[in-house]
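Contents: one structure, followed by commentary.
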Amino acid sequence: MRYLVANLKMNKSFQETKEYLMFLATRYNDNKKVGLTLSLPYTYILMAKYLLEDKPIKIGGQNICEEEEGKCTGEISGNMLRSCGAQSVIIGHSERRKKFKEDNKIINLKIKSALKNRLSIILCIGESLSENKACKTMEILKEQIETAFKGLYENELENIMIAYEPIWAIGTGVIPTTKDISKVAKEIRKIIADDFSVSASEKMRILYGGSVNLKNITSLKNIKSIDGFLIGGACLDGGVLLQIASSL
Ligand code: PGA
């Protein structure tokens, strides 16, 4: 099974999203080979729940508040996401880490809140260009993973996918070599094996994200050590998303 998470970020009007969802609802075939999740802006999750009812497409959010309820103007809780139809949530996207100053400790709390509300998690991790150049990639990823997973039980990892998204590859058209992605995925599994168990590391689903498109998917899909992809820009066109899904 391969996994595709489409991160729509802050794009499309209500009407555009409706058309996008209706297009996918009628055209996406359940080939049982690909698990597709649409990570939508909050305001469209409920609409997606109705338009995608009985369809083999999962719905997710793009962020979650670490608190359960109350004095958090502008935030969204796990219970709100779940009760509107979300089954998963992206946590730790680099745009949120940077623009909204979300650090590894907050991300750990967000993960716990998502687990409490029975939401599966796509945890994004990734290094900056300068960290990459300074050969600090694995040091950064280790810190991101270990702080994010602090206090978690091994069985809870089954609800989590890790998306390796080098910051310098997001929206830039530049991607790491397939060899480098493969190497990082193996190192991520080693961290999980050391901190939890070999079985947990083998079960962990690892995605690659950053400038995935119709062209580079032909080589990216051959990387054996990853389980799928997190797609931003390319998923905004429903037709392209379907072509990527059917190419896997
Ligand atoms: P991109 O975005 O595919 O446009 O690079 C990926 C992401 O930010 O999740």
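Computed from a predicted model, the values in this text were never measured in an experiment.
The backbone N or O of Ser39 lies less than 3.5 Å from a partner atom in the side chain of Gln62, making a donor-acceptor pair. With Asn132 contributing its side chain and Ser128 its backbone, the two residues share no donor-acceptor pair below 3.5 Å. Arg205 places a side-chain N or O within 3.5 Å of a backbone atom of Glu158 that can act as its donor or acceptor partner. Between the side chain of Ser182 and the backbone N or O of Lys179 there is no donor-acceptor pair closer than 3.5 Å. Side-chain N or O atoms of Thr147 include none that pairs as donor or acceptor with a backbone N or O of Lys105 at under 3.5 Å. The backbone N or O of Gly126 lies less than 3.5 Å from a partner atom in the side chain of Gln144, making a donor-acceptor pair. In terms of modelled atom types and a separation under 3.5 Å, the side chain of Asn108 and the main chain of Ala148 share a donor-acceptor contact. At distances below 3.5 Å, not a single donor-acceptor pair connects side-chain atoms of Asp194 with backbone N or O atoms of Ile191. The main-chain N or O of Met22 is found under 3.5 Å from a side-chain atom of Thr26 such that the two form a donor-acceptor pair. Judged by distance alone, with hydrogens and angles left aside, the side-chain atoms of Ser225 form no donor-acceptor pair with the main-chain N or O of Lys186 at under 3.5 Å.
In this structure the side chain of Ser113 never reaches within 4.5 angstrom of the side chain of Lys110, judged on heavy atoms. No side-chain heavy atom of Gln87 sits under 4.5 Å from any side-chain heavy atom of Leu119. Between Ile91 and Asn63, the closest side-chain pair of non-hydrogen atoms is not below 4.5 Å. Side-chain contact between Ile64 and Leu81 is present, with heavy atoms from C-beta onward closer than 4.5 Å. Two residues are said to be in side-chain contact when any heavy atoms from C-beta on lie closer than 4.5 Å; Asp195 and Phe149 fail this criterion. Here the side chains of Glu75 and Glu67 are not in contact, with every heavy-atom distance at 4.5 Å or above. Tyr3 has its side chain out of reach of Val34: every pair of non-hydrogen atoms, C-beta onward, lies at least 4.5 Å apart. Within the 4.5 Å cutoff, side-chain heavy atoms of Cys124 are placed close to those of Ile90.
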How far apart are the C-alpha atoms of Cys235 and Val240, what are their side-chain angles, what is the distance that settles it, and do they pass the side chain to side chain contact (heavy atoms under 4.5 Å, CB included) test? CA-CA 6 Å; Cys235 79; Val240 171; over 6 Å; no
Steps toward side chain to side chain contact (heavy atoms under 4.5 Å, CB included) verdict (Ile231, Asn7): CA-CA 6 Å; Ile231 304 179; Asn7 178 11; over 6 Å; no
Checking Ser247 against Gln243 for the side chain to side chain donor-acceptor pair (under 3.5 Å) test, could you report, in this order, the C-alpha distance in whole Å, the side-chain angles of both residues, the deciding distance, and whether it holds? CA-CA 6 Å; Ser247 77; Gln243 282 186 66; over 6 Å; no
Show the numbers, then the answer: is there a salt bridge (charged side-chain N to carboxylate O under 4.0 Å, His left out) between Glu202 and Arg189? CA-CA 7 Å; Glu202 286 167 354; Arg189 285 192 207 281; over 6 Å; no
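For the 3.5 Å distance criterion, the side chains of Arg97 and Asn104 qualify, holding a donor opposite an acceptor. Ser197 and Glu154 share a side-chain donor-acceptor pair at under 3.5 Å.
Taking all atoms of both residues into account, the shortest heavy-atom contact from Ile76 to Met80 is CG1-CB, 3.9 Å. The two residues Tyr208 and Pro176 make their nearest non-hydrogen contact at OH-CD, 3.2 Å. Summarising the geometry of Trp168 relative to Ile175, their closest heavy-atom pair is CZ3-C, 4.1 Å, with the distance given to 0.1 Å. Taking both residues in full, the closest heavy atoms of Lys33 and Leu248 are given as NZ-O, 3.3 Å, listed atom of the first, atom of the second, then distance. Listed here is the closest heavy atom pair of Leu230 and Val212: O-CG2, 4.2 Å. Closest heavy-atom contact between Tyr153 and Phe196: C-CE2, 4.4 Å.
In summary, Glu127 and Lys136 do not engage in a salt bridge, as defined by a charged side-chain N under 4.0 Å from a carboxylate O. Salt-bridge annotation for Glu102 and Arg96: present, with a side-chain N of the basic residue lying under 4.0 Å from a carboxylate O of the acidic one.
Counting heavy-atom neighbours within 6.0 Å of Met10 CE, excluding the residue itself, gives a total of 12 or less.
Looking at Leu123, Ile170, Ile107 one by one, the single match for side-chain contact (heavy atoms from CB on, under 4.5 Å) with His93 turns out to be Ile170.
A search for side chain to side chain donor-acceptor pair (under 3.5 Å) contacts involving Lys9 returns Glu95, not counting sequence neighbours.
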